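Quick caveat, the model's predicted, so the values are computed rather than measured.
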Amino acid sequence: MSILRFLLIIPASFLFVSCNTALTPSGFLGKDDARMSKNPSLPFSRSWKNPEADLSKYQKIAVKPMMTDRLRPLGSGLSAASERNIGEIRKKDATEFASFTSGQFHTKLNESPGREATLSQSKSGSTKSEGTMILETNLVEFVPGKPAAQVVKLLFPFAGFLNRPSVGMEGRLVDAKSGKTLFAFSDRETPEPGFFDLQKFSYYGTQRREATRWAGQLRK
């Protein structure tokens, strides 16, 4: 194999690795998960809108705290080799991120014209109010970044594969009174390929960025 051909194959392989894959279901969405599929007009990996739902009639949205009890372990691969995967650190990080994400959903949804969003303090409690939707979310995947590897990438660009942070979540909007699902969605994100990304010099900068994007996308 010539040197030129080798150099062409290497970048192509990294572009392939950078492609996002759909999130493997955790079971959180139950039967709703089987209804979901890729919709090119929506930003989520997979989603489903109840054809009988009229979202315009809901004036209130109750945002429940994001669940973390189905969070997948980092395993024993490259993603597990992190100082954030020691003892109770990962659990604490996930709890803090879930709280941040719930707050982002509350903030962005509250900006919706003609709607009011409230942040619930209970994961299990719900309201039966007419004209209210409940947002339920679940954190499934949460892989920390590797700031040290990102520094090395400044000198050796191909070392970027060592830093592969990712985040994946599932969610749904349900009618507060009937409990019927109005909209369900699932998404998994990794950083876009690129040489310089300030957020990749932190453990969870890219994940927080995606959480803010998710909130804005759901509002739209």
Side-chain angles (χ1 to χ4, degrees), residues 16-53 55 58 61-75 77 79 90 93-109 112 117 119-120 123-124 126 133-145 164-176 178-193 204 206-220:
F16 177 80
V17 171
S18 69
C19 294
N20 292 336
T21 57
L23 183 68
T24 302
S26 73
F28 174 78
L29 293 175
K31 294 180 180 180
D32 291 332
D33 187 84
R35 300 183 175 107
M36 297 197 305
S37 61
K38 176 62 179 177
N39 185 340
S41 65
L42 295 177
F44 306 108
S45 298
R46 297 166 62 238
S47 62
W48 174 75
K49 181 182 180 297
N50 189 329
E52 300 177 356
L55 300 182
Y58 295 90
I61 305 175
V63 180
K64 282 189 178 182
M66 174 176 270
M67 305 289 287
T68 60
D69 57 324
R70 295 174 186 261
L71 179 62
R72 296 196 177 105
L74 293 178
S79 62
R90 174 169 161 76
D93 290 348
T95 300
E96 290 178 352
F97 176 77
S99 178
F100 170 82
T101 304
S102 298
Q104 289 299 300
F105 277 116
H106 170 239
T107 298
K108 294 297 182 180
L109 292 175
S112 301
L119 188 59
S120 172
K123 294 181 179 181
S124 57
S126 62
M133 290 186 287
I134 299 175
L135 175 62
E136 303 172 338
T137 53
N138 175 51
L139 182 62
V140 182
E141 184 175 319
F142 190 52
V143 179
R164 298 295 300 163
S166 65
V167 62
M169 65 160 287
E170 302 162 316
R172 63 186 162 200
L173 288 164
V174 301
D175 183 284
S178 68
K180 290 183 178 180
T181 299
L182 305 171
F183 179 71
F185 60 100
S186 170
D187 201 26
R188 176 184 181 273
E189 294 290 341
T190 58
E192 295 294 332
Y204 300 115
T206 61
Q207 291 90 333
R208 290 191 180 94
R209 180 171 62 199
E210 294 304 332
T212 301
R213 285 178 177 174
W214 278 330
Q217 290 165 350
L218 187 61
R219 179 184 65 81
K220 292 178 182 178

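- Shown here are the side chain to side chain contact (heavy atoms under 4.5 Å, CB included) partners of Leu29, two or more places apart in sequence or in another chain: Asp32, Asp33, Met36, Glu170, Arg172.
- Counting all heavy atoms, side chain and backbone alike, Leu139 lies closest to Gly168 at CD1-O, 3.7 Å.
- You'll find the side chain of Met169 reaches within 4.5 Å of the side chain of Phe185, heavy atoms only.
- With salt bridges taken as basic N to acidic carboxylate O contacts below 4.0 Å, one links Lys64 and Glu136.
- When every heavy atom of Val167 is checked against every heavy atom of Phe142, the shortest pair comes out as CG2-CD1, 4.4 Å.
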Could you go through Arg219 and Ile61, starting from their C-alpha distance and side-chain angles, then the distance that decides it, and tell me whether this counts as side chain to side chain contact (heavy atoms under 4.5 Å, CB included)? CA-CA 11 Å; Arg219 179 184 65 81; Ile61 305 175; over 6 Å; no
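- A distance-only check finds a donor-acceptor pair linking the side chain of Asn50 to the backbone of Thr181 [under 3.5 Å].
- In this structure, the side chains of Pro144 and Leu74 come closer than 4.5 Å at one or more pairs of heavy atoms.
- The shortest side-chain heavy-atom distance between Val140 and Arg70 does not fall under the 4.5 Å cut-off.
- Note that CG of Leu55 is 8.5 Å distant from CZ of Phe183, once rounded to the nearest 0.5 Å.
- Atom NZ of Lys38 is surrounded by more than 12 heavy atoms from other residues, nucleotides or ligands within 6.0 Å.
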Trace of the side chain to side chain contact (heavy atoms under 4.5 Å, CB included) decision for Val63 with Leu109: CA-CA 9 Å; Val63 180; Leu109 292 175; 4.1 Å; yes
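- Screening Asp175, Leu173, Val174 for a side chain to side chain contact (heavy atoms under 4.5 Å, CB included) involving Met133 leaves a single residue, Leu173.
- Counting only heavy atoms from C-beta outward, the side chains of Arg90 and Pro73 never approach each other to under 4.5 Å.
- Of all heavy-atom pairs spanning Ser45 and Asp187, the tightest one is OG-OD1, 2.6 Å.
- Ala211 and Phe97 get closest at one heavy-atom pair: CB-CZ, 4.0 Å.
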I would like to know whether Glu96 and Tyr204 meet side chain to side chain contact (heavy atoms under 4.5 Å, CB included); could you show each step before the answer? CA-CA 11 Å; Glu96 290 178 352; Tyr204 300 115; over 6 Å; no
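- Taking all atoms of both residues into account, the shortest heavy-atom contact from Ser166 to Thr190 is CB-CG2, 3.5 Å.
- For Gln207 (side chain) and Val143 (main-chain N/O), a donor-acceptor pair under 3.5 Å exists by modelled atom type.
- At a threshold of 4.5 Å between non-hydrogen side-chain atoms, the residues Glu210 and Pro165 do not count as touching.
- With rounding to the nearest 0.5 Å, the separation of CZ in Phe100 from CE in Met66 is 11.0 Å.
- Put simply, CG on Leu119 and CZ on Phe105 are 12.0 Å apart, with the number rounded to the nearest 0.5 Å.
- In this structure a side-chain-to-backbone donor-acceptor pair under 3.5 Å is present from Ser102 to Ala98.
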